[in-house]
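Presented below is the structure to which this report refers.
Each chain gets a letter, A, B and so on, in the order the sequences are listed, and its residues count up from 1. As a basis for the values below, the full set of heavy atoms in this structure was taken, side chains included, without hydrogen atoms, waters or symmetry mates.
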2 protein chains.
Amino acid sequence: MSERKKTTITDIARELDVTPSTVSRALNNHPRISDSTKKAVWNLVKKLNYQPNNIATALRNGKSNFIGVIVPTSDRYFFASVIRGIEEVVREEGYNLIICQSDEQTNKEQKNIDALLQIQVDGIIASVAKATTEFSYFEKIINQNVPLVLYDRAGENLNVNSVVCDDYRGAYNAVSHLIEQGCTNIAHFAGQQHIKIYKDRLNGYLDALKDHGLEINERFIIESDLINDTDIILGAGAKMTNNLFSLSETPDGIFSASDFAALGAIKALKSNGISIPDEVALIGFSNDFSSSVIEPGLTSLDQHTKKMGMNAGKLFLEQIKDPKKINHPKSIVLEPKLVIRESSSIKKNTTSEVFSS
Amino acid sequence: MSERKKTTITDIARELDVTPSTVSRALNNHPRISDSTKKAVWNLVKKLNYQPNNIATALRNGKSNFIGVIVPTSDRYFFASVIRGIEEVVREEGYNLIICQSDEQTNKEQKNIDALLQIQVDGIIASVAKATTEFSYFEKIINQNVPLVLYDRAGENLNVNSVVCDDYRGAYNAVSHLIEQGCTNIAHFAGQQHIKIYKDRLNGYLDALKDHGLEINERFIIESDLINDTDIILGAGAKMTNNLFSLSETPDGIFSASDFAALGAIKALKSNGISIPDEVALIGFSNDFSSSVIEPGLTSLDQHTKKMGMNAGKLFLEQIKDPKKINHPKSIVLEPKLVIRESSSIKKNTTSEVFSS
DNA sequence: CTGAAAGCGCTTACAG
DNA sequence: CTGAAAGCGCTTACAG
């Protein structure tokens, strides 16, 4: 078996009796290279199946054309969709993505950041791991003047470009919708409160209750880590639901900060013969594909994940093109869209949405 | 704003009054460097926050430590899980993954391959796009002596390492299970027959019928592209089901080569008041998360996706370590596991699996 | 229109 | 134990 033999610019130059400089320029379509040499070079390139060595170019140019993307976990539809959005935008400008998973753990997140910096990425697009409470590692990126864009979960005090959801508004609208449907005792499955998105969702919930003159019942607010493991969170959602319904006073609505916990709740309610949405209406968050699969369909908040990715990509490109702008970082805020399904359509059970999410 | 200033080995050398050679050796823990210099180097590395430049190392060593991974689409749980498996195995050996999506299209697949080769990946792990019928581009990888490992969808005549499912056996077992449950008229939602996995699934279906003395009804075999877009395939599954049930003779079982088509079928059957599994039993393929969400739960075939990824990673590492072995490529075949849920439990409706997939 | 030369940051065979 | 030198494959300012 022959060695991995790769044709180089030098090989082409030798064959054509010119210098590597000329070949390089021909390949880059430099204006002051004659058409005849360009043609000769191109022909030979085809014939020898020459592949430029990006690594060498990267070293020479100080630009790798890599963007590091950190996702807390790629097992979820949410993040896969964000990646698609990023890719669509940056691929056109010749960037390749290096995707890393932090698994929601701070130490993995830090390892990812170090690895990406060593690879000399031109920028990092990240969503902060749930466990992370302190952002010095992200400051490390900034200090090395590597463009950083955060999406969905942004560090509150980091002065960087970001694209996030208006979680407060989403929660507020969801709970208001439940109230409009006639719910008066609405429970909330909350996430860990050191994470901004979950704090915002809780606040949206609280303010919607207040603004509608409803009382807040502390026992109806259940905080948990809303872990991403689908098997576990389904069971956890069911357990929280069963706990809720062992109270003397029970809710007639649940707003869950996670779709999966809400799915577990639906399963638990059904197996206890509690009718949805008539006795209890539910709303989840994220509009995962499975919320259109379950019956009754789960009302949820679509976070425009692909759009989120595309915006993150755009912010990155802007920052690359005009590095000074970073002194005035932008935060793009997307308003989540309430996708209403059967789980919250108490009165007007008109068209049940079956085949689209 | 200061330039992106990166400390280099040369900087450290100058500061310590030694040569870059020494610093490089110290960093690589070379045995013939004194402990004192090593210590001095390490201290300065910490202090200056030195990050080795992997790009330079890659160029010098002719080894990038990148592995290119091509997935037909990362929107699906299936592939996300494979990636996890690969990553877990190869990360330990210092490899980073570059993930590309072909979106099931041959031209994107080819672009991905070219991009990966230019980036000088040390190997490529890929699953062939559905549209691809001819494998010259994969031969290009092989001709450049870049290790290639295929997973799930392998080119039939490509002589490379691969890890695949025993789709024939999985289908055979699924259909046999339906027959054991009492089904005698079993329909099949088939995929495109130029793709080996779908051909194998069809053959497993056919042979199971034959071996159990059941007749084959051509009108019960419906071929389609089983497109990955969840919204579309749900509707398509429903439509195929409605067509089936407009025939004079209707099936009492459906074996679908795709989970999503089966989900669509369940929705259609339910809205037509046809009871599952009593009147029609169903089995899907892939054991997507959503098959445990729908009610009744969809029986499906688990493909051990993470294990598939881990095996692909291992095959790659083996090949890197002993390049000669590739003359005798290995094919690891995983047996899919039938995960039985309510959709196929006609008689023995014992324990309904609710919170685990 | 093309060439000669230097350099991106690292590593390693050769020498001492 | 350490240094001087060459080179990985490319690009580009300088020169002609």
Inset, instruction - Between D:dG16 and D:dT12, how far apart are the C1' atoms? Round to whole Å, please. - result: 16 Å
Inset, instruction - To the nearest Å, give me how far apart NZ (A:K38) and P (C:dC1) are. - result: 9 Å
Legend entry - Nearest atoms (heavy-atom pairs only) where A:I124 meets A:V146: N-CG1, 4.3 Å
Legend entry - Closest heavy-atom pair and its distance - A:V164, A:S331: CG2-OG, 4.2 Å
Inset, instruction - Kindly check if the number of other-residue, nucleotide or ligand heavy atoms within 6.0 Å of NZ (B:K196) is above 12? - result: no
Legend entry - Candidate nucleotides C:dG9, C:dG3, D:dG3, ranked by approach to the side chain of A:L59 - the nearest: C:dG9
Legend entry - Euclidean distance for P, D:dC1 against D:dA5 (whole angstrom): 24 Å
Inset, instruction - Rounded to the nearest angstrom, tell me the gap between atom NE2 in A:H30 and atom C1' in C:dG3. - result: 13 Å
Inset, instruction - Hey, could you give me the CD1/CG distance between B:I55 and A:N54, rounded to the nearest 0.5 Å? - result: 9.0 Å
Legend entry - Distance in angstrom units between B:K63 NZ and C:dG9 P, rounded: 22 Å
Inset, instruction - Go along nucleotides 10-16 of chain C 5' to 3' and tag each nucleotide: B for a protein heavy atom under 4.0 Å from its base, S when only backbone or sugar atoms are that close, - otherwise. - result: BBBB---
Inset, instruction - Could you tell me the separation between the CG atom of B:D11 and the P atom of C:dC8, rounded to a whole number of Å? - result: 11 Å
Inset, instruction - Would you give the length of the straight line joining atom OG1 of B:T57 to atom CG of B:N65, rounded to the nearest 0.5 angstrom? - result: 9.0 Å
Legend entry - Which nucleotides of DNA chain D pair, in dot-bracket form (Watson-Crick or G-U under 3.5 Å, | meaning another strand): |||.||||||||.|||
Inset, instruction - Calculate the interatomic distance between A:I33 atom CD1 and C:dT2 atom C1'; express it in whole Å. - result: 6 Å
Inset, instruction - Could you state the atom-to-atom distance from NZ of A:K6 to P of D:dG9 in whole Å? - result: 10 Å
Inset, instruction - Could you tell me whether B:R14 and B:D11 make a salt bridge, using a distance below 4.0 angstrom between a side-chain N and a carboxylate O? - result: yes
Inset, instruction - Considering only atom P, compute the distance from C:dA15 to C:dT11 and round it to an integer number of Å. - result: 22 Å
Inset, instruction - Starting at CD1 of A:I332, measure out to NZ of A:K314 and round the result to the nearest 0.5 Å. - result: 8.0 Å
Inset, instruction - Would you mind reading off the distance between A:R14 atom CZ and C:dG3 atom P, rounded to a whole angstrom? - result: 14 Å
Legend entry - Atom-pair distance (CG on B:D17; C1' on D:dG3), nearest Å: 13 Å
Legend entry - Over all atoms of both residues, closest heavy-atom pair of B:C100 and B:L116: SG-CD2, 3.8 Å
Legend entry - Distance in Å, A:I67 CD1 paired with A:E93 CD, rounded so as to fall on 0.5 Å steps: 9.5 Å
